[in-house]
Amino acid sequence: MKKQYEKIRRGNKTIYIIWCLLIGMIGSILFNGWQRQFDDTFFDVDRVYNHIAELASPKYNGRLTGTAGNQLALTYIENYFKEIGVEPGGENGSYYQNFEHMIASYNKAPYFYINDSEGNRVQEYVIREDYRDTFEGRGEIEGELLYLPKHIRNFPADEIRGKVLLADVALDEDYIESAKDYGAKAIVATIYDRDWRLDPRRRIEPVRMMKGSGNLYKLEDQGIILHYVTVPTFVELKRQAGKKHSAEIGYHYAFQRANTANILGKIQGKNPNGEYVIFSAHIDHVGTDYDGRYFPGALDDASGTAMMMEMARVIKAQKSPPDKTILFVGWNNEEGGIVGSRYYTNHPIYPLNKTQVIQLDCIGSVTMEKIEFSSAGQKGTLLRDKFKQLADLRGINANEGSMLNSDHGPFIEKGVPAVLLIDSFENNALSHNIHTYKDDIQNMSKENLSKVAMILLDYIEGEVYEDFLPDYLKTSELIFLGGLALFGIGSYLIHYFSKKDPNRVIGKVRVEDIYYGTPFRLLTKAYHYVLLMTIVTFMLVFIANVPTNFNLIIDQGSVHTNLSISLTVKKSVLYLRNLLTDGFGRSAGNQDIMKVVLKSFEKSIILILFTLVFSTIVGIMKGIFDGYRSGKKDTLRTMGTLVALSLPDVLIVIMVHILAVLMYKYNILTPIITQEITRKLVLPLICLSVVPTVYISRITTVVIHEEMRKGYVKAAKAKGLSKNKILTLHLLIGIVMKIIDSLSSVVPIIISNLIVVEYFFFYPGVIYMLLKAYQESDQATFIGLSLSLGFMYVIFNTGFALLAFMLNPLKREGIQ
């Protein structure tokens, strides 16, 4: 009896070994996950909010680089790092990286007057009410107003020289340089468009009365004064220009050298020679106005600094250190031209080729509509893609950009992967209060700060701690996976002891009796199919959730990719959960995907079933006919079968198409060929049935030839039974059993041919709709249809295997 099961046991052994290895691998991952689990519940948004309120308070006086307020901010962060146990990450065992730079500050109150042709003052404009500065140009000038409705290059230089230009176009470097070359005294501009003038709902003042901050590298070049004014002021200035009035502008600021520093805290990772992750923000702001009023800078960038400080506390509070070394950095003098981070990239304390940067700037405002992830370069865009995926998984509105004018920019220039997290200015840029007196704690939202934090915490968990523990699994899901694992281990033990100790008793039953018993055999077979369906389903969803722009770069031994295995696994699990609770959801065209799937599934099932029935009947009849005929033509028929099986699917479809056209042309069976059911079912059925019919025919012929040589057939012939009685009484049942056994091999042939048949005949089955969803980039529908296709295969394969097991006594006895 044992010999009867030897084949089965050999096959099962491989499956059991694979399963046990899988269980071991999963167990190892889970064990390691428990060891280094990252706990995101330590995060406290109130702490972030309080840090912002502190840094934006009057005692820091706007945190301008080189001032006492800026130094006070550095001290505040240093003391906080010491309090939470973050070690120094700067130079010479300190928290600092010192550098020197030029700082600009007002040395005289600015003014902006309008004088008539007689020199009488007719209008006085107030900075931060009517106009704003840009730290472009300096000095005292006077010149006639000249309105330019077009680009400056459309006007002769003589007309421009000595004038104060009213620019009614978008300014760029070329415009400013041209104005300077032509001898203009100053440029006064605004920002508005046609929509602002025509749509009252869009009449939000486009020029915020903010303090300018600019690149202060060109110390010797005074440049040309550039001011922006409000729209009403610009309209009024146009009228003044029409009267040939002149402008008198005074704009004074002085440069001074300042010793300042970046501040760096460090949490050492498990691998001393491993990679580095920098969480950073800029601690400086624009200080005070000419009259001593300070700019709080809550959003810009006390918000990023506060979030960086809280991330340091959260990571330090974990039970185990991160896999990578984490640096928490406050860059200085970002407002003066992104100076601190550029100094670091030119004088790195840690190897840049092992570093990645997450820059936080202007996050969590009350007007935030989206989070923007900005980066550039191959490595940077891969990092940016990961953050976008994290936001999408959380359902947080986000977009991707390429802005580089923050402290991540110098790193990208050096080829370091870096990404900026910032409130997106799309649609709501005009409502931000950065560089104004209103950028105080009232400008911040705890809810929006928490959204940014969730993305950062997810990134830290998956990429910094490499915590693969699926803590998002529900109890029911854990029970299901645990049940699969326990049954797999239990069935393997029964298989093992049936060989090593078959007389061992479990309960009151011998192990050998359990192993060879029908219930265990049925349960094991069902388990294999459930396991197969689970794995195939998960793999389909996993592959569908891999980023469509997947990319991988290996540079100096470091791997950079936008694919996160843990994130993709999580997305797949959540998709399957939603699938079971809420269905497939809505398509890109806002259709119910479940209805699309069910309708196309029904169409494909009908076509496959008709094909199976037609192929089986015709194939058996053809096989019987060929099997009873013998002689020299056997070789010909065999060659014909091989040729038919080798025909490409496309060729079969084309041949049927040509045949249908010829039949229609010559009025052959015209009433039938023109009917809709013929075009939408019969013709696809014929194309789909060719290969399986030949396949079944060949199997039938082989079975007949084999059985005809056996003793019971020869005995029947000796008794004088006719060929028909031998066929019906003896051969037919063997043929049917063999065909049933082979149907599980026929179904993949039919499903693979569906790709061509449904596409060419526009048959709205699963394959046709799948291709359509792919062409339309409808990921949700594509996943749903892919799952239904896999489910279709499992249904047919499992159904025919169980049918063969139930009908064939030899299979039940374990002989076949």
Legend entry - Spatial distance of atom OG (Ser375) from atom CD1 (Ile358) [nearest 0.5 Å]: 10.5 Å
Legend entry - Shortest non-hydrogen contact between Gly89 and Tyr350, atoms and distance: O-OH, 2.8 Å
Legend entry - Centroid-centroid distance, His252 to Tyr106, less than 6.0 Å: no
Legend entry - Closest approach of Phe279 to Ile460 (non-hydrogen atoms, all atoms of both residues): CZ-CG1, 3.6 Å
Inset, instruction - Report yes if the side chains of His408 and Val419 come closer than 4.5 Å at any heavy-atom pair, otherwise no. - result: no
Legend entry - Heavy-atom side-chain contact between Leu148 and Ile160 under 4.5 Å: yes
Legend entry - Tyr60 ring center near His285 ring center (under 6.0 Å): no
Inset, instruction - Compute whether any side-chain donor of one residue and acceptor of the other, for Tyr344 and Asn262, lie under 3.5 angstrom apart. - result: no
Legend entry - Pair Phe99-His347, ring-ring contact (aromatic ring centres under 6.0 Å, His included): steps then yes or no: CA-CA 10 Å; Phe99 63 93; His347 307 84; 9.4 Å; no
Legend entry - Under 3.5 Å: donor-acceptor pair, side chain of Asp172, backbone of Asp174: yes
Inset, instruction - Answer yes or no: is there a side-chain heavy-atom contact under 4.5 Å between Thr561 and Asn551? - result: no
Inset, instruction - Could you go through the side chain to side chain contact (heavy atoms under 4.5 Å, CB included) check for Ser280 and Phe328 one step at a time? - result: CA-CA 6 Å; Ser280 61; Phe328 304 94; over 6 Å; no
Legend entry - Donor + acceptor pair across side chains of Asp300, His282 (<3.5 Å): yes
Inset, instruction - Mark yes when over 12 heavy atoms from residues, nucleotides or ligands other than Glu413 sit less than 6.0 Å from its CD; otherwise mark no. - result: yes
Legend entry - Residues Tyr437 and Asp289: side-chain donor-acceptor under 3.5 angstrom: yes
Legend entry - Any side-chain heavy-atom pair of Tyr147 and Phe234 under 4.5 Å: yes
Inset, instruction - Before giving the answer on ring-ring contact (aromatic ring centres under 6.0 Å, His included), spell out for Tyr80 and His51 the whole-Å C-alpha distance, their side-chain angles and the decisive distance to 0.1 Å. - result: CA-CA 10 Å; Tyr80 182 76; His51 284 314; 4.7 Å; yes
Legend entry - Criterion ring-ring contact (aromatic ring centres under 6.0 Å, His included) on Tyr228 and Tyr131, from CA distance to verdict: CA-CA 6 Å; Tyr228 282 102; Tyr131 74 98; over 10 Å; no
Inset, instruction - Identify whether the distance between the nearest side-chain nitrogen and carboxylate oxygen of Asp116 and Lys244 falls below 4.0 Å. - result: no
Legend entry - Reference residue Leu360; test side-chain contact (heavy atoms from CB on, under 4.5 Å); the match among Thr305, Asp407, Leu456: Leu456
Inset, instruction - List the steps, then state whether salt bridge (charged side-chain N to carboxylate O under 4.0 Å, His left out) holds for Asp168 with Lys150. - result: CA-CA 7 Å; Asp168 203 5; Lys150 298 179 182 180; over 6 Å; no
Inset, instruction - Please answer whether the main-chain N or O of Arg63 pairs with a side-chain N or O of Asp284 as donor and acceptor at a distance below 3.5 Å. - result: no
Inset, instruction - Check whether the side chains of Glu144 and Ser246 place a donor and an acceptor atom closer than 3.5 Å, and report yes or no. - result: no
Inset, instruction - State whether Tyr253 and Arg138 meet the cation-pi test: NZ (Lys) or CZ (Arg) under 6.0 Å from the six-membered ring centroid, and within 45° of the perpendicular axis. - result: yes
Inset, instruction - Check the pair Asp158 / Arg161 against salt bridge (charged side-chain N to carboxylate O under 4.0 Å, His left out), numbers first and verdict last. - result: CA-CA 5 Å; Asp158 291 342; Arg161 188 174 295 109; 2.9 Å; yes
Legend entry - side chain to side chain contact (heavy atoms under 4.5 Å, CB included) evaluation trace for Asn397 with Glu369: CA-CA 7 Å; Asn397 201 4; Glu369 294 182 357; 5.5 Å; no
Legend entry - Asn115/Glu142 under side chain to side chain contact (heavy atoms under 4.5 Å, CB included): CA gap, chis, key distance, verdict: CA-CA 10 Å; Asn115 301 323; Glu142 185 174 2; 3.7 Å; yes
Legend entry - Option from Asn333, Asn332, Thr67 for which side chain to side chain donor-acceptor pair (under 3.5 Å) with Thr260 holds: Asn332
Legend entry - side chain to side chain contact (heavy atoms under 4.5 Å, CB included) evaluation trace for Glu54 with Tyr76: CA-CA 9 Å; Glu54 171 68 20; Tyr76 176 74; 3.6 Å; yes
Inset, instruction - Applying side-chain contact (heavy atoms from CB on, under 4.5 Å) between Leu420 and each of Ser374, Cys362, Ser402, report the one that passes. - result: Ser374
Inset, instruction - Find out whether the Lys NZ or Arg CZ of Arg384 is both under 6.0 angstrom from the six-membered ring centre of Phe373 and within 45° of the ring's axis. - result: no
Legend entry - Smallest separation among heavy atoms of Leu352 and Thr345, with atom names: CD1-O, 3.6 Å
Inset, instruction - Check the pair Glu140, Lys185 against salt bridge (charged side-chain N to carboxylate O under 4.0 Å, His left out), reporting the backbone distance first and the verdict last. - result: CA-CA 9 Å; Glu140 295 182 348; Lys185 293 290 187 69; over 6 Å; no
Inset, instruction - May I ask you to check if Lys354 and Tyr276 form a cation-pi contact, with NZ or CZ under 6.0 angstrom from the six-membered ring centre and within 45° of the axis? - result: no
Inset, instruction - Using the test salt bridge (Lys or Arg N to Asp or Glu O under 4.0 Å), find all partners of Lys379 that sit at least two apart in sequence or belong to another chain. - result: Asp555
